[in-house]
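To find a chain, count down the sequence lines: A is the first, B the second, and so on, and within it residues start at 1. This is a predicted model, so every value here is computed, not measured.
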2 protein chains.
Amino acid sequence: MTKNKDFWRRIESALNVIGGKWKLLIVIALKDGTQRYSDISHKFPEISERMLVKQLREMEHDGIIIRTVYPVVPAKVEYSLTQSGEKLIPVLKILGLWSLIYLGSEVIGEDLSGPVEVDSTKLNQLIEDIDGILKDVHTKLNRKEDPV
Amino acid sequence: MTKNKDFWRRIESALNVIGGKWKLLIVIALKDGTQRYSDISHKFPEISERMLVKQLREMEHDGIIIRTVYPVVPAKVEYSLTQSGEKLIPVLKILGLWSLIYLGSEVIGEDLSGPVEVDSTKLNQLIEDIDGILKDVHTKLNRKEDPV
DNA sequence: CTGTATCCTTCCAGATACTG
DNA sequence: CAGTATCTGGAAGGATACAG
């Protein structure tokens, strides 16, 4: 059994990987597929070039995005989520639902207090995605036990 | 339907609420029940008093912890998780599992690369907790539709 | 187009001393 | 016991100019 303390340190790491002011935005930019540097930059002009490059490098190092360079002139570089990055999406969505239900609107910023509905189909999809992750947990960590 | 952009801003809020260097530690300190100020401080001596107070105040404002003052001398103040805070725990665990499976050990810090097992019972408990949250989503947001 | 390099400012966090 | 007040250094982050 993983020691409890170790496990909470894992959570800490996860928060470091997606925390900070900009990384979530980059995930959002890439969640629907590959984007060029300029696409991301244009999508979120608030991020300065300096910061964008820095965050992209860190996320690449953490293994949640991939950087592909095309040796052409003018330069062309594409970014996309790795599998780890893709798997992060449903986890973030859970976090969003938690926020939606349990966090007061004052905390969020007032303007999104309007009525909210949730698409049951998407919710079911989300459950399946989470199940997929838990399956991965099982196969990756308990290979020695009998497979479910 | 919640607008997509709004929903991602919810996620951002959630990350703000638990992000930073210290807040997760406070959640950990409180996850097994009420603790006094000095208990927390003693449990994590790395947190300076200045920071501890600051983080506690923010978390209180965000509604994930509660502060109870007993008017006695010497002063006695207790902190505990609110319901929102409690519900956060399983969400964080999912995040930890993601980290455990998809994040390389180089990212985490080398020393916890040892063999890992996962307790199936706890995993099932986790699934139930998440289901509970999704149920809350449904009841809170789609009251007008027919209940499932 | 996709970045680097440099400078400059602001803000955060640690240390320390003090209080009801 | 449970904090506040103040000082200070360093890191994070913005603006701008330049390069392959």
Side-chain angles (χ1 to χ4, degrees), chain A residues 12-13 15-30 33-62 64-82 85 107 109, chain B residues 12-13 15-30 33-62 64-82 85 107 109:
Chain A
E12 208 173 346
S13 303
L15 286 174
N16 287 339
V17 166
I18 50 167
K21 211 171 171 182
W22 307 119
K23 285 179 179 161
L24 180 64
L25 294 184
I26 295 176
V27 172
I28 295 173
L30 299 182
T34 300
Q35 298 271 283
R36 297 184 61 165
Y37 176 87
S38 49
D39 294 332
I40 307 173
S41 183
H42 181 253
K43 198 161 187 169
F44 299 106
E46 325 91 87
I47 315 181
S48 71
E49 295 183 356
R50 190 181 174 292
M51 278 300 112
L52 181 53
V53 176
K54 196 168 173 250
Q55 304 299 312
L56 286 169
R57 292 289 187 280
E58 284 179 21
M59 294 168 79
E60 188 190 6
H61 171 261
D62 291 338
I64 66 176
I65 68 172
I66 277 193
R67 179 171 180 265
T68 313
V69 183
Y70 297 86
V72 296
V73 220
K76 175 178 174 182
V77 179
E78 284 184 349
Y79 292 92
S80 56
L81 293 179
T82 60
V107 180
Chain B
E12 206 173 347
S13 304
L15 286 174
N16 287 339
V17 166
I18 51 167
K21 209 170 171 183
W22 306 119
K23 284 178 178 162
L24 180 66
L25 293 183
I26 295 175
V27 172
I28 294 173
L30 299 182
T34 300
Q35 299 270 284
R36 298 185 60 166
Y37 176 87
S38 50
D39 295 333
I40 307 173
S41 182
H42 181 253
K43 198 162 187 168
F44 299 106
E46 325 90 86
I47 315 181
S48 72
E49 295 183 356
R50 188 184 176 294
M51 278 301 112
L52 182 52
V53 175
K54 195 169 173 251
Q55 304 300 312
L56 286 169
R57 293 287 188 280
E58 285 179 20
M59 293 168 79
E60 188 191 5
H61 171 261
D62 291 339
I64 67 175
I65 68 173
I66 276 193
R67 179 170 180 266
T68 313
V69 182
Y70 297 86
V72 296
V73 219
K76 176 178 173 182
V77 180
E78 284 184 347
Y79 292 92
S80 56
L81 293 179
T82 61
V107 181

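- Considering only heavy atoms from C-beta on, B/Ile65 stays 4.5 Å or farther from B/Val27 through its side chain.
- Remark: A/Glu78 CD to A/Asp39 CG distance equals 8.5 Å, nearest 0.5 Å.
- Closest non-hydrogen pair, B/Leu30 versus B/Tyr79, comes out as CD2-O, 3.5 Å.
- Going from atom CG of B/Leu56 over to atom C1' of D/dT4 covers 15 Å, rounded to whole Å.
- Neither OP1 nor OP2 of C/dC1 sits under 4.0 Å from any side-chain N or O of A/Tyr79.
- The two residues B/Trp22 and B/Met51 come nearest to each other via the heavy atoms NE1-CG, 3.9 Å.
- Ranking D/dG3, C/dG3, C/dG14 by closeness to the B/Val53 side chain, first place goes to D/dG3.
- The side chain of A/Ala75 has D/dG20 as its nearest neighbour among D/dG20, C/dG14, D/dG3.
- Between A/Tyr37 and A/Leu56, the closest heavy-atom pair is CD1-CD1, 4.1 Å.
- The side chain of A/Glu49 sits closest to D/dA17 out of D/dG14, D/dA17, D/dC7.
- At a non-hydrogen distance threshold of 4.0 Å, nothing from residues 33-48 of chain A comes into contact with DNA chain D.
- Counting all heavy atoms, side chain and backbone alike, B/Leu52 lies closest to B/Ile47 at N-CG2, 3.6 Å.
- Going from atom NZ of A/Lys54 over to atom C1' of D/dA12 covers 7 Å, rounded to whole Å.
- The distance between atom CD of B/Gln55 and atom C1' of C/dC12, rounded to the nearest whole Å, is 11 Å.
- Of the side-chain N and O atoms in B/Arg67, one or more sit less than 4.0 angstrom from OP1 or OP2 of D/dG3.
- Per the geometry, CD belonging to A/Glu78 stands 12 Å off P belonging to C/dG3, to the nearest Å.
- Of all heavy-atom pairs spanning B/Lys23 and B/Ile18, the tightest one is CB-O, 3.9 Å.
- OP1 or OP2 of D/dT4 has at least one side-chain nitrogen or oxygen of B/Arg57 nearer than 4.0 Å.
- Under 4.0 angstrom from either OP1 or OP2 of D/dG14 there lies at least one side-chain N or O belonging to A/Lys21.
- The nucleotide whose nearest atom lies closest to any side-chain atom of B/Pro74 is, among D/dC1, C/dG3, D/dT4, D/dC1.
- Toward the 5' end of DNA chain C, the nearer of the two residues A/Val77 and B/Met51, judged by each one's closest nucleotide, is A/Val77.
- Taking only distance into account, the side chain of B/Arg50 never meets the base of C/dT16 through a donor-acceptor pair shorter than 3.5 Å.
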